[in-house]
2 protein chains.
Amino acid sequence: MASLPVLNQPPRRSGALLDNLARRMRLHAESVLKPLGLRPRHLVALTVLRDRDGSTQQALATTLMMDRATVVGLLNDLEADALIERLRSPEDRRRHIVQLTDRGARRLAKAEFALAGVEDEVLAPLDARQRATLYELLLLAASGTVPDCDPGDHSPEPTC
Amino acid sequence: MASLPVLNQPPRRSGALLDNLARRMRLHAESVLKPLGLRPRHLVALTVLRDRDGSTQQALATTLMMDRATVVGLLNDLEADALIERLRSPEDRRRHIVQLTDRGARRLAKAEFALAGVEDEVLAPLDARQRATLYELLLLAASGTVPDCDPGDHSPEPTC
DNA sequence: TAATTGGTTTGTGTAGCGCCAACGATTTAT
DNA sequence: ATAAATCGTTGGCGCTACACAAACCAATTA
């Protein structure tokens with residue numbers, strides 16, 4: 001043991017703050033999303049689908065850590081709006097392959113664009129670089145991967 | 001506009017990821033917190049109180065962005081367990097000053113310690129430094145200071 | 001005295017989700 | 001061929017958490 005003098009402090013878990021921040025974001029997001037026919041839950045699914053397109057529903061449930069039944073309901077909503085498609089897998093015809101449609105991608109982009117104000121309000125104390133860092137940390141934590149390391153990389157360490 | 005070539009990409013809002021991550025954390029945290037007689041919502045309040053001890057309930061509601069009535073319920077739970085105290089403010093005896101008790105601080109530390117496993121699971125892809133960064137960003141965003149706004153201002157427009 | 005404010009209680013409504021059970025369709029194991 | 005397991009689907013039950021509104025007391029301010 002060499003150099004970690006951080007034993008006296010309480011651990012300072014992020015869970016609670018995460019909870020609070022998510023609630024606040026959600027609260028404001030709802031009204032912004034409503035004109036687009038979306039609810040926060042849908043945005044979660046779409047966001048994941050953008051990076052994990054062509055997933056099985058099962059795989060989706062695993063990534064999202066959600067019950068299968070819940071995912072089904074989610075996808076029903078999205079499919080009813082033609083934002084995603086369900087295709088039968090050729091290899092195993094029990095499976096459904098979930099595909100983001102063009103319409104879905106466009107809607108997602110539109111929603112994210114519309115959410116600028118919400119983020120500005122909730123993440124007000126954070127400057128642009130801090131927000132970028134936050135996003136990267138969240139993405140890393142959520143999916144374990146950084147899809148494409150873009151040039152605007154502000155992460156504190158060279159993960160990519 | 002000088003050096004950021006990031007205009008073609010979708011905005012990549014953090015909201016959805018925040019939502020998902022918070023849900024996952026919460027899901028695991030519930031079972032860990034139950035033996036301690038706490039629920040996630042309580043931990044949120046305690047965590048904020050650690051940094052904003054001696055706040056008015058109104059101030060608490062503002063920082064947490066919660067309805068006053070909801071905060072009352074929260075504090076009722078905590079006070080029933082002697083984790084916080086409500087003291088009348090000497091200056092304005094209408095107000096209640098919320099104070100974290102020793103018991104409350106100890107309970108919070110205990111809870112955070114117990115949540116180590118949960119965070120390890122949910123934030124697995126993040127190393128210690130990244131987690132620290134995440135916590136700092138979350139805390140900054142959460143307790144983000146409405147200092148210039150005079151306390152009497154409840155108007156819906158964020159003019160300040 | 002009247003109006004306002006901080007906190008409290010109660011009730012109504014909603015969103016989101018976990019969990020379980022049952023079912024068709026399909027695949028795999030025996 | 002028959003049985004078992006798997007994927008998606010539907011429906012139902014229950015729970016947490018919260019917003020919102022109304023009405024109230026106590027204390028402060030006009």
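Below, chain A is the first sequence line, B the second, and so on; all start at residue 1. Keep in mind that the numbers below use all heavy atoms, side chains included, and drop hydrogens, waters and symmetry copies.
- If you walk DNA chain D from 5' to 3' and mark each nucleotide with an atom closer than 4.0 Å to a heavy atom of chain A, the marks span dT6(D) to dA19(D).
- Following rounding to the nearest Å, D77(A) (CG) and dG16(C) (C1') show an atom-to-atom distance of 12 Å.
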Full working for salt bridge (charged side-chain N to carboxylate O under 4.0 Å, His left out) between R94(B) and D92(B): CA-CA 5 Å; R94(B) 286 173 298 183; D92(B) 188 339; 2.8 Å; yes
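- Under 4.0 Å is where a charged nitrogen must lie from a carboxylate oxygen, and between E119(B) and R13(A) at least one such pair does.
- Each of dG7(C), dG18(C), dA15(C) was ranked by its minimum atom distance to the side chain of T70(A); first place goes to dG18(C).
- Proximity of R23(A) to M66(B): side-chain heavy atoms (C-beta onward) are separated by under 4.5 Å at one or more points.
- Using modelled atom types, one finds a donor on one side chain and an acceptor on the other under 3.5 Å when comparing N76(B) with R86(B).
- One can place CZ of R24(B) at 16 Å from C1' of dG18(C), the figure rounded to the nearest angstrom.
- R95(B) and Q57(B) form no side-chain donor-acceptor contact under 3.5 Å, judged by distance and modelled atom types alone.
- For the OP1/OP2 pair of dT8(C) and a distance below 4.0 Å, the side-chain nitrogens and oxygens of R86(B) include at least one atom meeting the criterion.
- In this structure, E30(B) atom CD and dC19(C) atom P are separated by 10 Å, rounded to whole Å.
- Contact annotation for S89(B): no contact, since no heavy-atom pair falls under 4.0 Å across all strands.
- By the 4.0 Å N-to-carboxylate-O rule, R107(A) lies too far from D102(A) to be salt-bridged with it.
- Going from atom CD of Q57(B) over to atom P of dT8(C) covers 4 Å, rounded to whole Å.
- With dT9(C), dA15(C), dT8(C) as the candidates, the nucleotide lying closest to the side chain of N76(B) is dT9(C).
- If you measure from atom CG of L27(A) to atom P of dT14(C), you get 17 Å, rounded to the nearest angstrom.
- Between the P atom of dG24(C) and the CZ atom of R93(A) lies a distance of 18 Å, rounded to the nearest Å.
- Annotation: of the two residues near DNA chain C, P90(A) and P40(A), the 5′-most nearest-nucleotide partner is P40(A).
- Regarding R94(B), its CZ atom lies at a distance of 4 Å from the C1' atom of dT5(C), rounded to whole Å.
- A close approach under 4.0 Å does not occur between any side-chain nitrogen or oxygen of R95(B) and OP1 or OP2 of dG7(C).
- Sequence order on DNA chain C of the closest nucleotides to H96(B) and D67(A) puts H96(B) first from the 5' end.
- A residue-by-residue look at A69(B) and L74(B) shows that L74(B) has its nearest nucleotide of DNA chain D further toward the 5' end.
- Along DNA chain D, the nucleotide nearest R68(A) and the nucleotide nearest D19(A) are compared for position; the residue whose nucleotide lies closer to the 5' end is R68(A).
- Atom CZ of R50(B) sits in a crowded spot, with more than 12 heavy atoms from other residues, nucleotides or ligands closer than 6.0 Å.
- Atom CZ in R23(B) sits roughly 10 Å away from atom C1' in dG18(C) (whole-Å rounding).
- Residue R41(A) places at least one side-chain N or O closer than 4.0 Å to OP1 or OP2 of dC17(C).
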